[in-house]
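So the structure is just underneath, and the comments pick up after that.
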Amino acid sequence: MFIFASSPLLVSSFFGKTKLRKFLRNIYILAEENHPIMTITIDQNLKLELIHENHAQPIFDLVDANRTHLREWLPFVDRMQTVEFAENFVKGTMQRNKDGNEYAFVIVDNEKVIGRIGVYKIDGQNKIGEIGYWLAENLQGKGIITKSCKAIINFGFSGLQLNRIEIKCGTENFKSKTIPEKLNFTKEGIIRQGELLYDKFIDLNLYSLLKSDVE
């Protein structure tokens, strides 16, 4: 179940005050006209905003400016050739957010969209979610994804009550795999031919973090 709320009071009535304080340590609800956006504040300049219609153009512009960088590991890049595609992409994401199948955010730095991160493929029965992320090429190496992942991990365990969070990345995607390793995820093994990337299957590293690992 997913709730858009225009005030912390509405969220409190759903989660309960005690759980709310734990869940919303640095999360607030921002209402812009009639379009509430859930925002996770990371620091003075960096925040995560739950994907909204207003993000379609910035997402397209970011992908368009980073095609060579992103397409190596993200096959959707070749399909995103127009703003209209990005708008439909965002609408689908918003529906999955509402259905509780995922919680996808844009990464915003100084009010500019610079990447995407979220909890995907949520298994409510077994309380499992999977983190995925990507970032503009010129902003890599600044700790942005690490900080954003920490916020998403807190959101997943405290807010969504997940028990297990996974990160999967190509075995040759050396930059991506440094993130779970920095965040003390356990490498469980390799998923052989776990993803079809363009015209070939690639192996994936499987990392996991349990709620008990961080308590």
How many angstroms lie between [atom1] in [X] and [atom2] in [Y], if you round to the nearest 0.5 Å?
X      : Y      : atom1 : atom2 : result
Lys182 : Ile145 : NZ    : CD1   : 10.5 Å
Leu196 : Asp199 : CG    : CG    : 8.0 Å
Lys142 : Asp109 : NZ    : CG    : 9.5 Å
Asn163 : Ser212 : CG    : OG    : 6.5 Å
Lys175 : Cys169 : NZ    : SG    : 13.5 Å
Leu210 : Glu166 : CG    : CD    : 9.5 Å

[X] and [Y]: which non-hydrogen atoms are nearest, and at how many Å?
X      : Y      : value
Gly129 : Val119 : CA-CG1, 3.9 Å
Ile153 : Phe185 : CD1-CE1, 3.7 Å
Leu48  : Ser148 : CD2-OG, 3.8 Å
Pro75  : Leu197 : CD-CD1, 3.5 Å
His55  : Pro58  : O-CD, 3.2 Å
Arg164 : Leu206 : NH2-CD2, 4.2 Å

Are the side chain of [X] and the backbone N or O of [Y] linked by a donor-acceptor pair below 3.5 Å?
X      : Y      : answer
Asn66  : His69  : no
Asp203 : Thr171 : no
Gln161 : Ser158 : yes
Asp99  : Asn101 : no
Tyr207 : Gly189 : no
Asp64  : Asp61  : no

*Give the intermediate values and the outcome of side chain to side chain contact (heavy atoms under 4.5 Å, CB included) for residues Met94 and Arg96.*
CA-CA 5 Å; Met94 290 175 65; Arg96 290 188 294 275; over 6 Å; no
*Go through the steps for Glu195 and Trp73 under the test side chain to side chain contact (heavy atoms under 4.5 Å, CB included), then give the verdict.*
CA-CA 10 Å; Glu195 182 181 355; Trp73 300 105; over 6 Å; no
*Check the pair Glu130 / Lys168 against salt bridge (Lys or Arg N to Asp or Glu O under 4.0 Å), numbers first and verdict last.*
CA-CA 8 Å; Glu130 179 179 329; Lys168 298 173 185 174; 3.6 Å; yes
Can you find a heavy atom in the side chain of [X] that is under 4.5 Å from one in the side chain of [Y]?
X      : Y      : result
Ile128 : Ile122 : no
Asp43  : Lys147 : yes
Trp134 : Leu74  : yes
Val108 : Ile114 : no
Thr178 : Phe174 : no
Leu209 : Leu183 : no
Val90  : His52  : no
Lys187 : Asn205 : yes

*Are Ser208 and Glu188 close enough that a side-chain donor and a side-chain acceptor fall under 3.5 Å?*
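Present: a donor and an acceptor within the cut-off.
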*Does a donor on one side chain and an acceptor on the other come within less than 3.5 Å for Glu84 and Asn88?*
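Side chains of Glu84 and Asn88: no pair found under 3.5 Å.
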*For the pair Ile107 and Arg116, evaluate side chain to side chain contact (heavy atoms under 4.5 Å, CB included) and give the outcome as yes or no after the intermediate values.*
CA-CA 5 Å; Ile107 305 171; Arg116 177 172 165 163; 5.8 Å; no
*With Arg71 as the cation and Tyr198 as the aromatic partner, state whether NZ or CZ is under 6.0 Å from the six-membered ring centre and within 45° of the axis.*
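Yes, a cation-pi geometry.
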Check whether [X] and [Y] end up in the same hydrophobic cluster, where Ile, Leu, Val, Met, Phe, Trp and Tyr are linked by side-chain heavy atoms less than 4.5 Å apart.
X      : Y      : value
Leu204 : Phe76  : no
Leu160 : Tyr133 : yes
Tyr120 : Ile59  : no
Ile131 : Val214 : yes
Val83  : Val77  : yes

*How are the rings of Phe89 and Phe85 set relative to one another: parallel (under 30°), tilted (30 to 60°) or perpendicular (over 60°)?*
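Phe89 vs Phe85 ring planes: parallel.
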_Quick one, Glu49 with Thr39, criterion side-chain hydrogen bond (donor to acceptor under 3.5 Å, both in side chains). Give me CA distance, side-chain angles, the key distance, then yes/no._
CA-CA 5 Å; Glu49 291 182 355; Thr39 303; 4.6 Å; no
*Decide side chain to side chain contact (heavy atoms under 4.5 Å, CB included) for Ile165 and Lys211; before the verdict, give the C-alpha distance in whole Å, the side-chain angles of both, and the deciding distance to 0.1 Å.*
CA-CA 8 Å; Ile165 294 176; Lys211 191 173 185 178; over 6 Å; no
*What do you reckon, are the aromatic ring centroids of Phe155 and Phe105 less than 6.0 Å apart?*
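Close enough - the centres of the two rings lie under 6.0 Å apart.
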*Run the salt bridge (Lys or Arg N to Asp or Glu O under 4.0 Å) check on Glu111 and Lys47 step by step: do they pass?*
CA-CA 9 Å; Glu111 303 305 322; Lys47 62 184 177 180; 3.2 Å; yes
